[in-house]
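Below: one structure, written as structure tokens.
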Amino acid sequence: MESFYFKLSLLGILIPCVLLATSMVAETTGDDELRTFIVRVQPPEKHVFAIPDDRTAWYRSFLPEDGRLLHAYHHAASGFAARLTQRELDVPSVTPGFLAAQPNVAYELLTTHTPRFLGLDVPQEGVSTINHSASGFGDGVIIGVLDTGLRSFASDPSPLDMDGHGTHTSSTAAGAVVHGAQVLGQARGTASGIAPRAHVAMYKPCGDECTSAAMLACIDAAVGDGCDVLSISLRDTSSGSDTPFYQDSLAIGTYGAVDKGIFVSISAGNSGPNASTLFNDAPWMLTVAASTMDRLIGSQVRLGNGLSFDGESLYQPEISAAVFYPLVYAGASSTADARFCGNGSLDGFDVKGKIVLCDRGNDVGRVDKGAEVKRAGGIGMIMANEFSNGYSTLPDVHVLPASHVNYPAGAANKKYINSTANPIAQIFFRGTVLGASPAPAITSFSSRGPSQRNPGILKPDITGPGVTVLAAWPTQVVGPPSSSVNSGPTFNFDSGTSMSAPHLAGVAALIKSKHPGWSPAAIRSAIVTTADPIDRSGNPILDEQHMPADFFATSAGHVNPVKAVDPGLVYDIAPDDYVRLLCSVYASRDVSVIARRAVDCSAIRVIPEHALNYPSISVVFPQAWNSTANPVAVVHRTVRNVGEAPTVYYPYVDLPSSMVNVEPRSLQFTEANQEQSFTVSVRRGRSGNAKVVQGALRWASDKHTVTSPISITFE
Ligand SMILES: *[C@@H]1O[C@H](CO)[C@@H](O)[C@H](O)[C@H]1NC(C)=O
Ligand SMILES: *[C@@H]1O[C@H](CO)[C@@H](O)[C@H](O)[C@H]1NC(C)=O
Ligand SMILES: *[C@@H]1O[C@H](CO)[C@@H](O)[C@H](O)[C@H]1NC(C)=O
Ligand SMILES: *[C@@H]1O[C@H](CO)[C@@H](O)[C@H](O)[C@H]1NC(C)=O
Ligand SMILES: *[C@@H]1O[C@H](CO)[C@@H](O)[C@H](O)[C@H]1NC(C)=O
């Protein structure tokens, strides 16, 4: 028992950084208290700093005294982080070169909000999904992972990963091949990162807390160190999904990285499944959604009426398959909210010797629900999803025999309980089950578009494995007393868009290794235009409700690493194009903060969002256009031939021709790296009353198909 409770408190450590981070944000409020600010400044025009120390000295000139400077940024941002009072900020505010000051804000790690120890064979997400003979191993590429561990920019100077998150994400991106991986006996196999021969540089913005000032310092260092790819599994907790980019340090820092040719793979967020819950959606990032793999850590529920339902649990004790136990729904208790099995909620309700059906949610940890059932004398737990989680389940290290079942299974269990005087059930453990279907499927927590900050850019960009991902962990996973004991290398399961982003960083490293000269936008294009819109059964990718997932959940679809290294054509974007686009939304001064130089928007050619040479197309028809007889949005795109030459591509559009028309009707390339342009004319057409219409444009040659998702919104 002792070790079991010890275990629970350990699990508690794994739960979000948010809890700690929020207290940091609340640091202070008064005018005279010292707070950390990120101060954006712009050097005088034509001013060149001979050495980094000169720049730092100039930064110090904004400050009242030595010792206030925390971080001097040199690469990814122009400015510094310093400890200042609100009053002292008056001085730098009127100093020439000052642009803006933003309070330091908290970031959270993007794992799901519960202990997650799940089981999968790593070759599933590593080796077997990747044909390394075609895609290589990421040789020579440096992946910068900004997470919990090594080079520390956090207030806690230790390089150690006290959490596990950073070990997990970095090994997912570039971990070496390790035999004998497993967690509590499940998912035995060989583990490998996506780009096992890439190098990892780890930066630690998160110790006891994750902050924007430390994050920016990490990005700055990663740029200075020559990283090729950044993997970021964090989000700013203080701002909403509609915070302007010039106030979002992750957006600003990553723009600086992309401007220097560094690719950024970043988590979309874990706030799904509702619309517009995306966080990291700037047009220079690769925004990564999360989906399932075809593996369950199976725990089956069998009812007295002969029906059975597949669920999940990582804790799989030996129990008799012959015995049925009485089954009771916690919601039948007269205690308010007892159905969620929160602490103490089952007091006075007879669950002794029974299997208890609890509902997921209400901010009660999944493992805590089982602990409450056990405390009250129950012998097993069935945990049923609420409607919003649909079919998305997770295998946890429960403290008693348990099964996490989907929403329809939960409803069938409740119906059965109602239908008979003496309902009975048993829980049957199936171990590691491969070949589960449908897979991949978008999981409920994966944040969705449309982007509020740039509705004319289709976000997220891609989905990758983010559920029950097995990867390295700093400590041995411990289960309840009767569970099997781990030995050998230490691994753990984790779930979140935190896990999908490093998969895509690994894929970007494979591409960069094959094509060192490609820009971040070209690499993103390769990933997006080669994604699989279908699942392993050949059907459209489904969401957590098992409905076809729309582009605001998947965008292009599921990453296909082998195709991504050989895309045929790429849509490239120069950093200046992002500045042109930002000028269509923000004032010059605000754009300057992001661009790290003086930008005069009135002096450059401004472009609307749909005109950015993005590999997907999003057109929003404003309501005002409703009165126009036949509004047309003309989208210009340019592709570069990175495949064989000569070659000819023909367009195929799976949307009504009354809505989308592509000109010209073929693109001919006589040589490598030649560019060709085309237009996509989008009309209201026969869209009926649909608010959103989605389809795709495919440019096909003999050897390649280059697919761009098209999303049309009528406001
Ligand atoms: C892997 O790629 C190589 C080279 O493109 C190809 O010859 C081979 O058939 C591929 N293997 C599989 C299993 O797809
Ligand atoms: C998600 O959307 C549903 C239906 O519109 C709504 O009832 C629910 O409150 C929303 N959830 C959140 C977290 O906003
Ligand atoms: C519920 O009890 C568990 C131990 O069984 C404890 O770890 C957890 O913090 C408690 N939760 C709350 C909200 O009190
Ligand atoms: C079960 O019975 C209760 C009480 O009669 C009712 O409120 C509930 O809706 C029923 N549930 C199902 C799934 O039939
Ligand atoms: C837009 O126009 C259509 C057809 O004329 C009309 O049915 C619809 O109500 C209008 N929508 C709005 C929001 O004005």
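These values consider heavy atoms only, across backbone and side chains, with no hydrogens, waters or symmetry-generated copies. We count ligands from 1, going down the list as the structure has it; atoms in each ligand are counted the same way.
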Over-ring placement of R235 relative to F279, 6.0 Å and 45° cut-offs: yes

Angle between ring planes, H546 versus Y391, binned at 30° and 60°: parallel, tilted or perpendicular? parallel

Decide yes or no for I712 and Q694: does some side-chain heavy atom of the first lie under 4.5 Å from some side-chain heavy atom of the second? no

Less than 4.5 Å apart, side chain to side chain, heavy atoms only: is that true for I710 and F551? no

Shortest protein contact, atom 6 (C) of ligand 2 (heavy atom only): N274 ND2, 4.1 Å

Does the protein place any heavy atom closer than 4.0 Å to atom 2 (O) of ligand 2? yes

Is there a protein heavy atom at a distance of less than 4.0 Å from atom 14 (O) of ligand 2? yes

